[in-house]
2 protein chains.
Amino acid sequence: MSAELPEIPEFSPRQNAVLEQALKLLVEGGEKALTTSGLARAANCSKESLYKWFGDRDGLLAAMIAFQAAKVRTFERGAARLTVDLLRENLETFGRDLLEVLSGDVSLALNRLAIGQASREGSKLGRLLIEHGRRQIDRRAIGLMEAGRRAGLLRFTDADSAYHTLYGLVVSDLHVRMLLGEPGLKDNARQAARAVDAFLQLYGVAPDTEHA
Amino acid sequence: MSAELPEIPEFSPRQNAVLEQALKLLVEGGEKALTTSGLARAANCSKESLYKWFGDRDGLLAAMIAFQAAKVRTFERGAARLTVDLLRENLETFGRDLLEVLSGDVSLALNRLAIGQASREGSKLGRLLIEHGRRQIDRRAIGLMEAGRRAGLLRFTDADSAYHTLYGLVVSDLHVRMLLGEPGLKDNARQAARAVDAFLQLYGVAPDTEHA
DNA sequence: CCAGAACCGTACCGTACGGTACTTGTTGGA
DNA sequence: TCCAACAAGTACCGTACGGTACGGTTCTGG
């Protein structure tokens, strides 16, 4: 009853264009700006087609999430023979990418949408968002964790726990603040670097020789 | 044009009862369940009174946030002569309280409300929520940080940065996950303890003598 | 050349909400 | 005792949305 990987629906090019327009409307004006009539007008299609393709409004929202997730495919870094510097660089790149994704317009809009919908209907969209949007980035991070351990550079018992520590150090309460409307950081790289410093202090196996 | 501390409006008992009922409706059914007609019916008052008291629907939502924030007044712990064990205990208590607050029904409902509203209208509710809801808990934590430093138990240059590190270690992505509809942790205390362990490893001045 | 499907544009329907107006008590002070 | 203020309850209005139906047009395959 879990992870049956239900074959990404694969929409037609026309439907992709409509979904793109839907995301644009959502980003510009929030959920209340995404009406079926408005989308039909903006995308030059008929409401009848919308309902034929996506069933109802909730189906449209779910399709938007699946569509966006399919676009933001993360790329696994080739884990060629990790050194401590290479590990640090990979971790910092991950942190920067994470902050970049979380502060993106579309990501924020979709998260706001799913959160606003989460009260009713068993948070169907929320689960969808976590499944589709998070799984890939989680796997990339955990891959990094375990590569670091295999290379003798990290020490931990639970990779998932270590990853969540890294996540917390990188993101802190920034995601929620941005969801609430606050601006993001000026320098994601700096934040990522500081987070990785702390992370390596906690989980790195080679103690820092310099401790000013 | 910032932080003018606009005297908490202080509602009448009758209005407090109405706001209480409004929060109840919001928690039970989300934003779409909180209609002016529904609230009037549930609270045995007239819509006309609602509009006289709160102006319009947005005013009602703002009043709900102010009302809830006024209820959840945090209590400053008396910082009597900190020892390392006392500091750890205070930090863990803070972490538990933080998780407790963030996972509360009303908190989640209000955050969902403000986030869902954040796209349009300059995120007025979001700012209100951060102002009213966060300031107190932030001050409590920063007070703890600086007490720890004064007692020679913590070392950091920026208390705010240290606090955000602690926040990230305690909360990680849990808040967003709960906002999306996932259940909370089974054991907040365990999570707080682990977070404080890591935090002290990063900022504690006395190195742990035991490192099993 | 034609039939059928797909689709656009528009008009339409039912409903539900935010907000206003009005009537009917109820209270409290002069 | 009367009156002014307040509030409950209800009825009402305009609007806007989700969803459906229909006529006209383009595309496709035989």
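The chains referred to below are lettered A, B, ... by the order of the sequence lines, with proteins before strands, and numbering in each begins at 1. None of the values given here were measured: they were computed from a predicted structure.
Proximity of a side-chain donor or acceptor of A:Ser103 to a complementary backbone N or O of A:Glu100 within less than 3.5 Å is detected. At distances below 3.5 Å, at least one donor-acceptor pair connects side-chain atoms of A:Thr93 with backbone N or O atoms of A:Glu89.
Side chains of B:Gln191 and B:Arg96 form no contact here, defined as non-hydrogen atoms less than 4.5 Å apart. Residues A:Leu99 and A:Leu174 form a side-chain contact, since some pair of their non-hydrogen atoms from C-beta on lies under 4.5 Å apart.
Note: CG (B:Leu61) to P (C:dC17) measures 15 Å, nearest angstrom. Distance CG (A:Leu39) to C1' (D:dA16): 17 Å, rounded to an integer number of Å. In this structure, B:Leu25 places its CG atom 12 Å from P of C:dC17, rounding to the nearest Å. Computed from coordinates, the B:Leu60 CG to C:dG18 P distance equals 10 Å when rounded to whole Å. Atom CZ in A:Arg41 sits about 11 Å away from atom P in D:dA16, given to the nearest Å. Atom CG of A:Leu50 and atom C1' of C:dG9 are 13 Å apart (whole Å). The NZ-P distance, from A:Lys32 to C:dA16, rounds to 20 Å in whole Å.
A close approach under 4.0 Å does occur between a side-chain nitrogen or oxygen of B:Arg14 and OP1 or OP2 of D:dA8. Applying the 4.0 Å criterion to OP1 and OP2 of D:dA7, one finds that B:Ser46 has every side-chain N and O outside that range. In this model, the phosphate group of C:dA6 is not approached by any side-chain N or O of A:Trp53 to a distance below 4.0 Å at OP1 or OP2. Close to C:dG18, at under 4.0 Å from its OP1 or OP2, lies a side-chain N or O of B:Thr36.
Checking C:dA6, C:dC8, D:dG19 against the side-chain heavy atoms of A:Asp56 singles out D:dG19 as nearest. In this structure, of D:dT20, D:dA7, C:dG19, it is D:dA7 that holds the atom nearest to the side chain of B:Lys52.
Mapping B:Arg57 and B:Glu48 onto DNA chain C by nearest heavy atom places B:Arg57 at the nucleotide closer to the 5' end.
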